[in-house]
Each structure stands twice: as structure tokens, then as C-alpha cells.
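One structure is given here, and the rest of the page talks about it.
Sequence lines set the chain letters: A, B, ... in the order given, protein chains first and strands last, and positions in each chain run from 1.
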Amino acid sequence: MSEDKLFGLIDLNFRFELTKFKLVRALCKSRWLPLLLILFNLFIFVIILLAGLFGGYSAGNYNFGIMMVWILWWVLLILMLVPGFARMWCLMCPFPIFSDWAQRGKLFEVRQGKLGGLNLKWPKRLSSMWVLNLAFLATTFFSGFFTVRPFATFILLGIIILVAFLTGLVFQKRTFCLYLCPVSGFQGLYSQFATAEVRRKDPEICKKHTPKTCFVGNEKGYGCPWLRTPFDFAKNTYCGLCLECFKTCPHDNMALNLRPPGVDLLVDTKREPRGLDEAYKAFIMLGIAIVFYLAFQGPWGVIKDMVRATTLEGYLGYITFHTVFNLLIIPGIFFLFAYLSKLFSGNKEVPLKKIFTNFSYTLVPLGLGVWIGFSLGIILPNGSYLLHILSDPFAWGWNLFGTAHFPWTPVLTHLLGYLQGATLIVFYLFSIAYGFRSSRQTYPDLPQARRGWIPMLGLLTLITTAFLWLFMG
Amino acid sequence: MKNKIIVMLSLGGLFILLILAGLPSPASAHHSPACLITRAKDSPKLPSPTSAQAPEEKLFEIKARNFVFTPNVIQVNQGDLVRIRLISEDVHHGLYLDGYEIQTSALPGQEGTLTFVANKTGRFTFRCSVTCGEFHPYMVGYLVVEPNSPFFIYVFLTIALALANLAFVVLRRS
Ligand code: SF4
Ligand code: SF4
Ligand SMILES: [Cu+2]
């Protein structure tokens with residue numbers, strides 16, 4: 001491919017290799033690296049769990065667990081970690097540590113030979129994002145409890161950790177992370193946009209290297225726990241950034257790169273094809289953002305009552321609407337526009353399914369922008385509660401850092417709407433920039449791609465305007 | 001090369017525009033309690049209106065109950081003198097107004113009041129400022145000060161970008 005420049009400025013093939021710095025390379029190759037971060041987060045999450053169990057303050061905004069998980073962790077995830085560094089969270093996530101430990105029998109050193117546990121393969125038919133989609137959607141049914149009730153957060157985290165452990169005993173490696181973890185799907189989807197990646201450097205070196213130690217493992221590290229083939233994979237979606245391949249590659253052929261945002265959105269290969277599962281992930285994330293905004297940042301009491309289940313009928317109504325909206329209405333609208341795209345293009349051969357899936361990836365930047373906007377609406381007004389809970393994590397009247405009585409102070413909320421709107425427009429720009437490229441990939445010639453792009457451009461503009469209305473109108 | 005310059009300039013312009021739109025105009029720069037006019041009748045000094053309507057005095061009785069404000073959306077015109085009576089129907093609730101950075105609170109039987117001149121346009125969220133129960137952080141309402149120009153500027157910009165993209169796509173040769 002010739003040079004393709006994003007906004008006519010940044011070459012899509014541009015990479016800046018961070019691992020060319022000795023220190024970064026040494027860190028990536030050290031067995032300490034993910035481990036120390038994981039242990040640190042394990043410590044934090046133990047406090048979170050304890051606070052969930054004992055911190056029994058009825059209002060979530062004074063509970064350590066609630067604030068750390070839903071204000072700090074969530075906002076860091078969506079504002080910085082995912083858009084900047086892909087699955088950086090998975091690198092330091094403590095949830096699967098017990099299953100890793102059970103499989104490997106060691107925390108630090110590398111176990112030689114077969115891993116413990118049953119090591120079964122996850123069924124092929126379930127090897128997609130579908131389970132993640134449904135798991136995440138189902139999780140959001142309870143968002144009116146998790147985000148305000150410490151004990152609900154405790155149960156959610158407890159289930160995740162327990163299922164991760166049990167899955168690890170039965171299935172191989174990080175099967176849980178790949179196909180079950182509720183926080184995995186959206187990280188995978190939006191990591192395609194991220195400005196960082198782990199990739200092999202020189203394909204020629206990989207070709208000559210047998211056996212492929214990055215896949216099978218050696219004395220320095222484990223074969224890719226996320227079942228990637230580090231020597232040729234091309235998409236961030238399922239790379240857990242665990243850095244094992246840096247340790248197992250004897251030729252130092254793995255790189256941690258900075259790159260232009262969004263390049264994975266154009267990847268569509270035999271090994272890593274675009275799929276309806278990822279398309280649906282994009283729809284669901286958009287739909288949930290709408291519902292969450294209405295419920296948590298909108299002024300409508302009716303919706304709040306439904307979400308927090310003041311009446312059973314109301315709550316069932318919410319679940320039903322939420323599910324139908326995410327699984328039928330949004331995909332339905334998208335389908336309509338995909339159909340229009342086909343009509344406009346005048347091409348009768350291209351299958352509608354291909355048009356539908358290809359274009360669904362244009363929702364990735366926009367969806368991420370929407371979530372960043374939504375998360376700004378969480379952190380700016382509520383961030384100051386963090387000072388309180390850091391000083392008094394269990395609501396026992398402690399004052400560790402002297403900030404326990406810091407009053408509630410909204411930060412920059414006079415700019416909130418502007419910031420949300422501006423974020424949205426910037427990510428919209430990425431969406432339309434990649435959108436036309438997707439159109440080129442979908443239709444065989446330029447005139448068709450142009451015409452086929454028009455309805456999609458219209459749809460993306462409509463969605464953006466709708467969110468501007470939510471944020472500012 | 002020429003394309004590159006045009007794109008760079010327009011991207012730069014876009015960012016500046018977005019940020020400028022967000023900055024408060026000098027006339028409406030931060031006041032905190034200063035804009036709390038407690039005795040509105042004695043001080044009918046209203047700023048000259050930029051909107052068509054002559055400024056009026058507007059009184060709202062906002063009831064707070066069970067994580068909801070009623071009315072949940074209030075609308076005024078730029079320059080209006082706004083008076084809010086906050087009435088709690090259950091527990092201690094507060095009302096903090098984004099953008100104007102003023103607040104009051106109310107207990108059952110003890111109402112709170114706010115008085116200010118709506119000199120900044122746009123939509124502003126008002127939030128409960130007293131922890132009142134589990135859904136407290138989600139207890140919000142909107143104040144819309146017309147004309148809501150920020151919103152229209154952003155929509156206009158989005159549409160302009162869509163048209164620019166369209167033009168670019170159609171004019172592109174290769
Ligand atoms: S997929 Fe889930 S459990 Fe696995 S590392 Fe990522 S967040 Fe943690
Ligand atoms: S390719 Fe595999 S081994 Fe390498 S960082 Fe990603 S998940 Fe880890
Ligand atoms: Cu309240």
C-alpha cells in the first residue's frame with residue numbers, strides 16, 4: 001500500500017518504537033514488570049473488597065470501593081488507559097492472578113512443561129465476542145446498584161474473581177480474559193483505536209525462527225497467554241499486553257510502539273477478520289452510553305426510579321427496553337443505513353452483511369468519544385469525593401491524609417458541556433476519516449465507495465448531533 | 001503539500017474555536033457569591049440583553065424529593081433575573097448550579113433561595129450538593145439559558161465538518 005495519511009497529516013504506517021530505549025526494553029523483558037503492578041492492584045482491590053463488605057455507608061459517594069472502582073478506575077480506564085495504551089489495564093489486572101497461579105504453580109519464575117489445570121480448549125463456536133457482549137449487557141442491568149451500593153460492587157468483583165479462577169482451572173491460559181470477562185470486550189473493541197500496540201518488528205526474523213517460542217514459551221516466559229501468535233498478529237483487540245512475548249523472543253523482535261490512533265480499524269485479514277460480534281459490541285457500547293446518560297446524568301426521575309428498581313415493573317421495563325434498544329433498535333437503524341449505502345452505491349454484488357460489519361467499525365472512535373464525554377461527566381463533578389475516601393476508606397472516622405473533611409467541590413463543571421461536546425467532535429472526525437476508508441474497502445471502485453459512503457456519513461453526523469443534544473442541548 | 005497546510009490550518013482553527021466557545025465572555029467571568037442578589041426588588045440593575053427579549057424576573061419553585069428535582073428543566077432568557085426557591089419534601093437536599101457556581105440547600109420546612117442574573121448562555125446542570133442517599137450523585141436538573149448558542153455552534157460545526165468530508169471525498173481523484 002502506498003502512503004495513506006490520516007487527515008492528510010499522519011502516515012498510517014508511522015510507528016515510534018518505545019522499546020528502542022534500553023530502559024523500556026529492559027522493563028518489558030523483566031519478569032518483575034507485570035507482576036509488581038498486579039500485586040499492587042491486588043492490594044488496592046483487597047481494600048476495595050473489604051470496604052465493599054464492611055464499609056457499609058449507605059451512600060456510595062462516601063465508600064472507598066464505589067469511588068475507587070466507578071470513579072477512579074473506570075474513568076482512568078476510559079479516559080487514559082484504553083485510548084492511550086490499549087489493554088494496559090489487563091497488563092496489571094489482579095482478577096486472574098489466582099488462576100494464573102494455579103496453572104503455573106509459580107508467581108515469579110517460569111514453569112517448564114505443561115501448565116496445571118485441565119487446560120481444555122474453549123469451544124470454537126463460542127470463540128468470539130458474543131459471550132462478552134451478553135455478559136457486559138447483563139452487567140449493566142445492575143448498574144443502578146453497583147455504582148451506589150458498596151455490597152453490590154463487592155458481589156460483582158467477587159463473581160469476576162471467582163469465575164476467573166474457576167475458568168482457569170478448567171480451560172487453558174487466559175480463556176477467561178478472552179471470552180468471559182465483562183470488562184474485556186469494550187477494552188478490546190476500543191483498543192483498536194489506541195495509540196499504542198505490541199507488534200513484532202521484522203517479519204523475516206520471525207519466519208526463520210522455529211519453534212516459535214513466543215507462542216509455545218521457553219525458559220524465559222510463557223507462550224502467549226492470550227493465545228495470539230505474536231509473530232504475526234495485527235490487531236490490538238485480544239492482546240493483553242502481558243509482555244510475555246518480549247521475554248520469550250530470543251531475537252528481541254517484539255516492539256512496543258506508539259502509532260496513529262485507530263489503524264486497527266482497517267485490519268481485515270483471514271486470521272483476524274471483522275465480525276458481527278465486534279459490530280455488536282460497538283452497538284451495545286453506544287446504546288449503553290445513551291441509556292446511562294439518560295439515567296445518571298439526565299434529570300429524569302422516572303428513568304432513575306426504573307434503574308434503581310423502586311418498583312419491580314419499572315425495573316423489568318428498564319431491562320426489557322435496555323435489551324431491545326441495544327440488541328435490536330440500534331443495530332436495526334444501522335442496518336437501515338447499511339442498506340441505504342448499498343442502494344446509493346449501485347453495487348448489487350457486495351453482500352449486505354459485509355457492508356453492515358465493515359461500517360460498524362466507524363462507530364469505534366465515536367463510541368469512545370461518547371464514553372470519554374460521559375466519564376468527564378462523572379469525574380469532574382464527583383472527583384473530590386476521592387479525597388474523602390482516601391483518608392477514611394472504611395467510614396470508621398479515620399483521617400489518614402487529613403482530607404477526610406474536604407468538602408464536595410465540583411471541578412471545571414462550568415466547562416463540562418463544552419468539553420464533552422469538543423471530545424465528541426474530535427472523535428467524530430476520526431470516525432469519518434476511517435469511515436471513508438472502510439467504504440473503499442467495502443466497494444470495489446471509487447465512485448461506488450463515494451456514493452456508498454454518503455448515507456453512513458449522514459448517520460454518523462446524526463449520531464453526533466444527537467449526543468451533542470444530550471450533552472449540551 | 002498545499003493540502004497539508006489547509007488541513008493543518010483548519011484543524012488548528014477547529015480547536016481554537018472549540019476552546020474559545022468554552023471560555024466565559026469577560027462580561028460574565030466568574031462571579032461567585034457576588035452575583036447573589038438577595039433583595040432583587042432593590043437592585044433591578046439588569047445587564048443589557050443580547051437576546052431579543054427584554055429581561056424579566058423569573059421565579060421557580062423547585063421541589064426536591066427522592067433524588068429528583070421538580071421541575072427538572074428550567075428555561076430562562078439571557079439577562080433574566082432568576083429567583084429559585086428550593087423546597088425539600090423529604091430529607092436535606094442541596095442545589096449547586098454549574099457555571100454560576102452558587103448553591104443553597106433546604107430541609108423539610110426550611111427552604112433555600114438563590115437569586116442571580118442569567119448572564120451566561122447555554123445549558124447548565126444543577127446538582128444536589130448534600131449527600132441525601134444512594135442516588136445522590138445522580139440527582140440533577142438542567143437550567144437552560146436561551147439562546148443556547150454553544151449547542152448550536154457545536155452542531156453547526158459538526159455539519160460543516162460533514163460537508164467538508166463530503167467535498168473532500170467527492171473531489172478526491174485517486
Ligand atoms: S480481560 Fe478482564 S480479567 Fe482479564 S486481564 Fe483484562 S480486565 Fe482483567
Ligand atoms: S501478544 Fe500475547 S504475549 Fe505478547 S503482549 Fe500480547 S498477549 Fe502478551
Ligand atoms: Cu439530594
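Other residues, nucleotides and ligands place no more than 12 heavy atoms under 6.0 Å from the NZ atom of B:K63.
Considering every non-hydrogen atom in both B:G141 and A:P299, the closest pair reads CA-CB, 3.7 Å. Nearest heavy atoms, B:R123 versus A:L470: NH1-O, 2.8 Å. Closest non-hydrogen pair, A:H414 versus B:G99, comes out as CB-CA, 3.3 Å. Nearest heavy-atom pair across A:Y428 and B:A162 is OH-CB, 3.2 Å. Listed here is the closest heavy atom pair of A:W408 and B:S129: CZ3-CB, 3.3 Å. A pairwise comparison of heavy atoms in B:L161 and A:I432 identifies O-CD1, 4.2 Å as the closest pair.
Interface remark: A:W469 contributes backbone and side-chain atoms alike to the contact with chain B (heavy atom separation under 4.5 Å). If you measure heavy-atom distances from A:L457 to chain B, the contacts under 4.5 Å come from the side chain alone. For a residue to count as touching a neighbouring chain, one of its non-hydrogen atoms must lie under 4.5 Å from one of that chain's; by this rule A:F436 touches chain B with the side chain only. Of the atoms belonging to B:Y96, it is side-chain heavy atoms, and not backbone ones, that fall under 4.5 Å from chain A. With a 4.5 angstrom heavy-atom cutoff, B:V73 touches chain A only via side-chain atoms. For A:L424, no part lies near chain B; criterion is any non-hydrogen pair under 4.5 Å. There is no contact between A:F145 and chain B, counting heavy-atom distances below 4.5 Å.
Of the listed residues (B:V130, B:I159, B:N165, B:V155), the one with the most heavy-atom contacts under 4.5 Å to chain A is B:N165. When B:T125, B:T158, B:T70, B:V68 are compared by the number of non-hydrogen pairs under 4.5 Å with chain A, B:T158 comes out ahead. Comparing B:V140, B:L97, B:N66 by heavy-atom pairs within less than 4.5 Å of chain A, the highest count is held by B:V140.
Rounding to the nearest 0.5 Å places CD of B:E134 at 9.5 Å from CD1 of A:I66.
A distance-only check finds a donor-acceptor pair linking the side chain of A:K304 to the backbone of B:Y138 [under 3.5 Å]. B:N148 places a side-chain N or O within donor-acceptor distance of the main-chain N or O of A:M472, the cut-off being under 3.5 Å.
When A:T464, A:T465, A:L468 are each tested for a side chain to side chain contact (heavy atoms under 4.5 Å, CB included) with B:Y154, only one passes: A:L468.
Using a 4.5 Å heavy-atom cutoff, the side chains of B:F151 and A:F471 are not in contact.
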